[in-house]
Protein chains: 2
Amino acid sequence: MAHIDICTDCAIRDQALCSSLSDSELTTLNTLGRRRTITRGQTLIWAGDESIICANLLSGVLKLVAATPDGREQIVGLLYPADFVGQPYAGQADFTITALTDAELCIFPRDAFERVLEDHARMERLLLQRTLAALGVARTRIASLARQSAQEKIAGFLLDMASRATASGCRATPDAPMTFDLPLTRGQIADVLGLTIETVSRQMTRLKIAGIIALPGGRAVTISDERALQDSAEAA
Amino acid sequence: MAHIDICTDCAIRDQALCSSLSDSELTTLNTLGRRRTITRGQTLIWAGDESIICANLLSGVLKLVAATPDGREQIVGLLYPADFVGQPYAGQADFTITALTDAELCIFPRDAFERVLEDHARMERLLLQRTLAALGVARTRIASLARQSAQEKIAGFLLDMASRATASGCRATPDAPMTFDLPLTRGQIADVLGLTIETVSRQMTRLKIAGIIALPGGRAVTISDERALQDSAEAA
DNA sequence: CGAAAGCTTGACTACCATCAAGGACGGTGG
DNA sequence: CCACCGTCCTTGATGGTAGTCAAGCTTTCG
C-alpha cells in the first residue's frame, strides 16, 4: 500500500504505459499511485461498481468476467503483466476483475489518472493504441468463439499459452518439446473458451492420446508436436 | 469524391468525432477528407491490406468480417452512422469492412488523420472513449456468443435492432407494438450471431408462433410483446 | 491424515448444424 | 402483363458435437 518510489526499477518500466514518460515525469505518478498485492481469487473490481481505479499489472494474471443474470459466467478477457487495467472515462465498471494468480498492481485513482492522461499526450496516445489493439484481440476472439469447434479452441488456447510462456526466456530450439505451466484450472479454461470443464478435459485427453501433448502432472503441459497442434487449431 | 465543404451541415455533426472540433477547425478537416458513397455489398477495406484510410460513417450499415482460412465467415462487429471506421496506428487492417446497405462515408487518409489527432487532443480523447466503449461492446458480445442459446441470441438481437431503429424518432407509447426493417438478411444475422441461416429462420418462426413478434413481410419485424421478448433473451 | 478442490471418464441427451426440397419475393426482358 | 430467373426464406429429416448428470480418482493444503 506504500507510495511508489521505485518506478525506475519497475519490472515493466519499458513495456507499460509509463514507458512514454521521462524519469522526471514518473515522479509525478509516484505521488498518485501505490503498489498493491492481491492474492489468487481476490476480486479487484466488481461489475456495476463505480469505476474508481486504474492500474498497471506488474505480475500475475487477472480475468475479466461477465456474469449473466442466471449465474452463468464467461471470462471475456485475460490480463497479463504490463497490461493496463480499468476503464478511464467510464461511470461504472462493465466487468468483474479477479486475480487468477497472486498479482501485483500499480494502482491510481481514476480521476487522478485521467488528469495525468490530459497532461501527457504521449501516454494518452499509447493508451489509445493499446485499446485499439485490445479491441482487435476481442474481435478475433468473437470469431473464434462463434465458429470454432472445441478441438480448435483447445489447440489454439494451448498454442497461445505456450507462446506467452516462452515470450520471456526463449527455448533452446524451435522444434524441441516445450513444457510450461497453465495459470488456469480446467474450469477457468472452460470459462475462457465457452466450453464445459468436461469438454476441456476430454479434448486434452484426446490430444494426449494422439501424442500431440503430454500432461506430466499438475498444471504442466508439454507440447510434443507443435505442428500437429497447429493443424488441430485450424482443422474444420 | 469531392472535398467536403459542408461539415457544418453534416447529418452527424454532433455525434461523430468531429463534434469535438470548432467550426474553424473543421475547415482544416475539409481539406483532408472527401465524401464517398458505396453500394450494398461493396468492400471498403480488405483484411490484410495496408491500413490506409479512416472514416466517419454518415449513413448506412457496415460489417466487420473475420474470415477463417477454410472459408467460414464471422461478422465481428457492425458499424452504424456516426461510428468511426478504420484503425489508426495499425500497419494492416485486421478485418474486412463491407457495406450491408448503401452507405455514405467521410474518408481521410490514415496518416493525415493521425496528424490531426496529434494536434487535437479533444478529438483524440473522444476517439479513446469511443474505442473503450467499443471494447466493452465487443467483450459483451464475447459473453453472449459463448454462453447464450440460439433463442437468447435471436431475442437479444431483435431487441438491439429495435432500440437502434427507434433511437431516432421515438414511438408513440412504450407499450405499443413497434415495427421496423432489419438491415440484414437472415444469412447476415446468422453470421453476426454465430448460427446458421436455418436456425435463425426457425427461431424467428418460433417467436412468431408464440405471438411475440410478427413478420409482416420483407425485412419488416413487429414486436408485439416486448416483455416476452425480453424474457426470451434472458431465459436459460 | 483427512477434507476440499480439481480432474477424468462414462452414459445419456439436447441442441444446433447439415443436407435437402420447395415456396415467396423482386427484378428483368419478352 | 406475364414468364422467368436469382436470391432469400421456410420447413422437414437426420446426425454429430458438446452439454448434463453421475461417479470415482488425484492433487493440494491445512
Side-chain angles (χ1 to χ4, degrees), chain A residues 39-41 63 68 70-74 98 100-102 144-158 181-210 213-221 232 235-236, chain B residues 39-41 68 70-74 100-102 144-158 181-210 213-221 232 235-236:
Chain A
T39 58
R40 182 178 141 85
K63 64 174 178 180
T68 52
D70 60 330
R72 283 170 291 179
E73 187 168 288
Q74 173 64 36
T98 304
L100 289 177
T101 65
D102 290 355
S144 309
L145 282 168
R147 295 295 182 202
Q148 289 189 316
S149 66
Q151 167 182 333
E152 291 170 296
K153 288 178 184 176
I154 294 288
F157 176 80
L158 289 175
D181 276 347
L182 292 173
L184 284 73
T185 67
R186 298 284 187 274
Q188 287 161 349
I189 295 172
D191 282 342
V192 170
L193 300 178
L195 300 169
T196 60
I197 188 171
E198 294 95 332
T199 299
V200 172
S201 186
R202 275 188 250 271
Q203 291 296 329
M204 300 276 272
T205 303
R206 207 189 55 73
L207 289 170
K208 187 178 71 178
I209 291 173
I213 64 171
L215 301 170
R219 297 274 157 77
V221 179
S232 290
Chain B
T39 57
R40 182 178 141 85
T68 53
D70 60 330
R72 284 169 290 179
E73 187 168 291
Q74 174 64 38
L100 288 178
T101 65
D102 290 353
S144 309
L145 282 168
R147 295 295 181 201
Q148 290 189 315
S149 66
Q151 167 182 335
E152 290 170 296
K153 287 178 183 176
I154 293 287
F157 176 81
L158 289 176
D181 276 346
L182 293 173
L184 283 74
T185 68
R186 298 285 188 272
Q188 287 161 349
I189 296 173
D191 283 341
V192 170
L193 300 179
L195 300 169
T196 60
I197 187 172
E198 294 95 331
T199 300
V200 172
S201 186
R202 275 188 250 271
Q203 290 297 329
M204 300 275 274
T205 304
R206 208 189 54 74
L207 288 170
K208 187 179 73 179
I209 292 173
I213 64 170
L215 301 169
R219 295 275 157 75
V221 179
S232 291

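Chain letters run A, B, ... following the sequence lines, proteins first and then strands; every chain starts at 1.
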Participant: Just distance, no hydrogens or angles: give the donor-acceptor pairs under 3.5 Å from side chains in residues 190-199 of chain A, sequence neighbours left out.
Facilitator:
unit_1, atom_1, unit_2, atom_2, d
D191(A), OD1, R147(B), NH2, 3.3
T196(A), OG1, T199(A), N, 3.3
T196(A), OG1, T199(A), OG1, 3.1

Participant: Under 4.0 Å between any heavy atoms, over every strand shown, what does G217(A) touch: base, sugar-phosphate, or nothing? Just pick one.
Facilitator: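 Answer is nothing: G217(A) stays at 4.0 Å or more from every strand.
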Participant: Rounded to whole angstroms, how far apart are CE on M204(A) and C1' on dT8(C)?
Facilitator: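 Distance, rounded to whole Å: 12 Å.
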Participant: How long is the straight-line distance from CG of D102(A) back to OG1 of T39(A), given to the nearest 0.5 Å?
Facilitator: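 So the gap between those two atoms works out to 6.0 Å.
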Participant: Give the rounded distance in Å between these two atoms: CZ of R186(B) and C1' of dG23(C).
Facilitator: 14 Å
Participant: Going by the rule side-chain hydrogen bond (donor to acceptor under 3.5 Å, both in side chains), which residues pair with S201(A) if we only count those two or more places apart in sequence or in a different chain?
Facilitator: none
Participant: Establish, with yes or no, whether the OP1 or OP2 oxygen of dT8(C) is under 4.0 angstrom from a side-chain nitrogen or oxygen of S201(A).
Facilitator: yes
Participant: Side chain of L195(B) only, please: which of dA17(C), dC8(D), dG19(D) is the nearest?
Facilitator: dA17(C)
Participant: Atom CG of L215(A) and atom NZ of K208(A): how far apart are they, to the nearest 0.5 Å?
Facilitator: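 It is 5.5 Å, given to the nearest 0.5 Å.
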Participant: Quick one: label G194(B) by what it contacts on the DNA or RNA (base, sugar-phosphate, nothing), any heavy atom closer than 4.0 Å.
Facilitator: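 Sugar-phosphate contact only.
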Participant: Check the phosphate of dT8(C) against T205(A), side-chain N and O only, distance under 4.0 Å to OP1 or OP2. Yes or no?
Facilitator: no
Participant: Looking at dC8(D), does its base get a donor-acceptor pair with the side chain of Q188(B) below 3.5 Å?
Facilitator: no
Participant: Taking 4.0 Å as the cut-off, does a side-chain nitrogen or oxygen of T185(A) come that near to OP1 or OP2 on dA5(C)?
Facilitator: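 Result: no.
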Participant: Side-chain donor or acceptor of E198(A) under 3.5 Å from a matching atom on the base of dC21(D)?
Facilitator: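 Check passes, donor-acceptor contact within cut-off.
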Participant: Measuring to OP1 and OP2 of dC16(C), would you say a side-chain N or O of T196(B) lies under 4.0 angstrom away?
Facilitator: no
Participant: Got a donor-acceptor pair under 3.5 Å from the side chain of R219(A) to the base of dT26(D)?
Facilitator: no
